[in-house]
Amino acid sequence: MGNRIGFIGLGIMGQPMALRLIEAGHELAVFNRTPEKAKPLEAAGARVAATPADAAHDADFVISIVSDSAAMEEVALGKQGALETIRKGAIFIDSSTISPTVSRRLACHAAGKGASFLDAPVTGSKHGAEKGELTFMIGGDREAFDRGLPLLRTLGKKHIYCGAHGAGLSAKLAQNTIQSTMVEIFCEGFVLAAKAGVRPETMFEIIQSSMARAALTDFKAPFIFKGDFTPYFPLKWMHKDLTLAMEAAYAQGVPMPAAAAVKEVYAAAKAQGKGDLDYAAVVTFLEELAKVRVRTTEAAAEG
Ligand code: NAP
């Protein structure tokens, strides 16, 4: 039998996630700050809620995926926020990548209402959300994790319990630190090779035959070589996650020298107005500094 779900945030990730839940037979009340984005979900059978509180009031589960900590505080704790109306016994699953500290505070508010709260950030990007192949990193009570798992199986292929409240987010920030740095350093290497006259396709063949080969750059390279930066994961959100990772590093006394430098590269690209492009657009910032482009002959011929 389907669950009643209040779903908050219909952006790049939220749209396909909400759609999958409807298709799996759940009853959805959806809220998005910009109401137009709820139209496709309404057409698929969802009720459009006027506020987060309206989406949450009769839900067994509330699922949210909004941009950042401020957005999450607004939809959860703000005027007509979801925590105003959440039912006793309900589970609030937040898949936004936000500050673990803010998330723990939201968990306390939920507990005050007799509801459970899980931080459940994801990896897998837009295509993972569309195919139900996300990986979830989850923090909170084990009992709430076990109760939420059957529902989350509609959205993901892997659900990893990380520990107490905030642990899922701590894991997510570590993962995106690694991911952002891998893409940035891949781009630096390719810019260096291109400046010396080594073509990207030649360099790629070398990487594919070496230990530096990685699933992430297998996926991103064709987009970089074409200069196609349609956002799967916007650069501004990668910068946000590196900033959150640095805050966590400072709070815990963990030195992260390479990540600190990489964060500034994303900051510079964002300051140039590239925040809404995919984070692989970080290559264009490096290209502009070196005055060279990393495009394959095939992509250059296509123009
Ligand atoms: P997005 O397309 O920019 O969507 C952001 C959502 O947050 C929209 O629904 C937006 O509403 C809402 N929002 C922003 N500020 C708000 C506010 N003050 N009050 C209410 N709603 C607000 O972003 P996304 O790519 O779906 O990412 C969402 C979250 O998932 C982020 O934390 C991101 O880091 C994380 N994430 C993304 C990916 C990915 O590949 N895209 C992968 C893993 C994790 P409007 O429509 O009104 O702007």
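Atoms within each ligand, like the ligands themselves, are counted from 1 in listed order. The first residue in the sequence is number 1, and the count goes up from there.
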* Give a yes/no on ligand 1: does Thr123 have at least one heavy atom closer than 4.0 angstrom to it? => no
* Check whether any N or O atom of Val122, backbone or side chain, sits under 3.5 Å from an N or O atom of ligand 1, and answer yes or no. => no
* Which atoms from ligand 1 have a heavy atom of Thr97 less than 4.0 Å away? -> 32 (O), 34 (O), 35 (C), 44 (C)
* Do the side chains of Gln15 and Pro40 get nearer than 4.5 Å, heavy atoms only? -> yes
* Asked: Does the side chain of Leu134 reach to within under 4.5 Å of the side chain of Met17, using non-hydrogen atoms?
  -> yes
* To do: State the atoms of ligand 1, each with its element, that fall below the 4.0 Å cut-off from a heavy-atom position in Tyr232.
  => 39 (C), 40 (O), 41 (N)
* Asked: So is there a nitrogen or oxygen of Arg33 less than 3.5 Å from a nitrogen or oxygen in ligand 1?
  -> yes
* Asked: Does Arg47 come within less than 4.0 Å of Asp54, counting only side-chain N to carboxylate O?
  -> yes
* **Val66, any N or O under 3.5 Å of ligand 1 N or O** => yes
* Which residue from Ser96, Gly11, Ser67 reaches closest to atom 31 (C) of ligand 1 through any of its heavy atoms? -> Ser67
* Any Lys/Arg nitrogen of Asp276 or Lys236 sitting under 4.0 Å from an Asp/Glu carboxylate oxygen of the other? -> yes
* To do: Could you verify whether a donor N or O on one side chain and an acceptor N or O on the other, from Glu84 and Gln80, lie under 3.5 Å apart?
  => no
* Asked: In terms of atom number and element, which parts of ligand 1 are under 4.0 angstrom from non-hydrogen atoms of Leu10?
  -> 9 (O)
* To do: Please assess His127 against Phe219 for the test ring pair (Phe, Tyr, Trp, His ring centres under 6.0 Å), listing each intermediate value before the final yes or no.
  => CA-CA 11 Å; His127 58 284; Phe219 180 73; 4.8 Å; yes
* Do any nitrogen or oxygen atoms of Met13 lie less than 3.5 angstrom from nitrogen or oxygen atoms of ligand 1? -> yes
* At a non-hydrogen distance cut-off of under 4.0 Å, which region of Val75 contacts ligand 1 (side chain, backbone, both, or neither)? -> side chain
* To do: Check for a donor-acceptor pair, side chain of Glu42 on one end and backbone N or O of Ala38 on the other, with a separation under 3.5 Å.
  => no
* Structure fact -> So for Trp237 against ligand 1, with non-hydrogen atoms under 4.0 Å, the contacting part is side chain
* **Presence of salt bridge, Lys220 and Asp278, under 4.0 angstrom** => yes
* **Results of salt bridge (Lys or Arg N to Asp or Glu O under 4.0 Å) for Glu288 - residues two or more places apart only** => Lys274
* Asked: Which protein heavy atom lies closest to atom 2 (O) of ligand 1, and at what distance to 0.1 Å?
  -> Ile12 N, 2.8 Å
* Relative to each other, are the rings of Tyr161 and Phe145 parallel, tilted or perpendicular (30° and 60° limits)? -> tilted
* Asked: With a 4.0 Å heavy-atom cut-off (strictly under), which part of Asn32 contacts ligand 1: side chain, backbone, both or neither?
  -> side chain
* With a 4.0 Å cut-off on heavy atoms, does Gln15 reach ligand 1? -> no
* Asked: Hey, is ligand 1 close enough to Thr34 that some N/O pair sits below 3.5 Å?
  -> yes
* Structure fact -> So the atoms of ligand 1 within less than 4.0 Å of a heavy atom of Gly9 turn out to be 9 (O)
* Asked: What are the two closest heavy atoms between Leu244 and Thr97, and how far apart are they?
  -> CD1-O, 4.0 Å
* Ignoring hydrogens and angles, state whether a donor on the side chain of Glu247 or Ser99 is under 3.5 Å from an acceptor on the partner side chain. => no
* Structure fact -> Looking only at protein heavy atoms, what sits closest to atom 40 (O) of ligand 1 is Ser125 OG, 2.8 Å
* Structure fact -> A student checking ligand 1 against Ile65 at a 4.0 Å heavy-atom cut-off should list atoms 28 (C), 29 (C), 30 (O)
* Asked: For ligand 1, which atoms have a heavy atom of Lys37 less than 4.0 angstrom away?
  -> 45 (P), 46 (O), 48 (O)
* Structure fact -> Counting from 1 in the order shown, the ligand 1 atoms closer than 4.0 Å to a non-hydrogen atom of Lys240 are 31 (C), 32 (O), 33 (C), 34 (O)
* For the residue pair Phe117 and His165, categorise the inter-ring angle as parallel (less than 30°), tilted (30 to 60°) or perpendicular (more than 60°). => tilted
* To do: Check Glu74 against ligand 1 and report side chain, backbone, both or neither, counting heavy atoms closer than 4.0 Å.
  => side chain
* Asked: For atom 36 (N) of ligand 1, what is the nearest protein heavy atom, given as residue, atom name and distance?
  -> Phe233 CE1, 4.0 Å
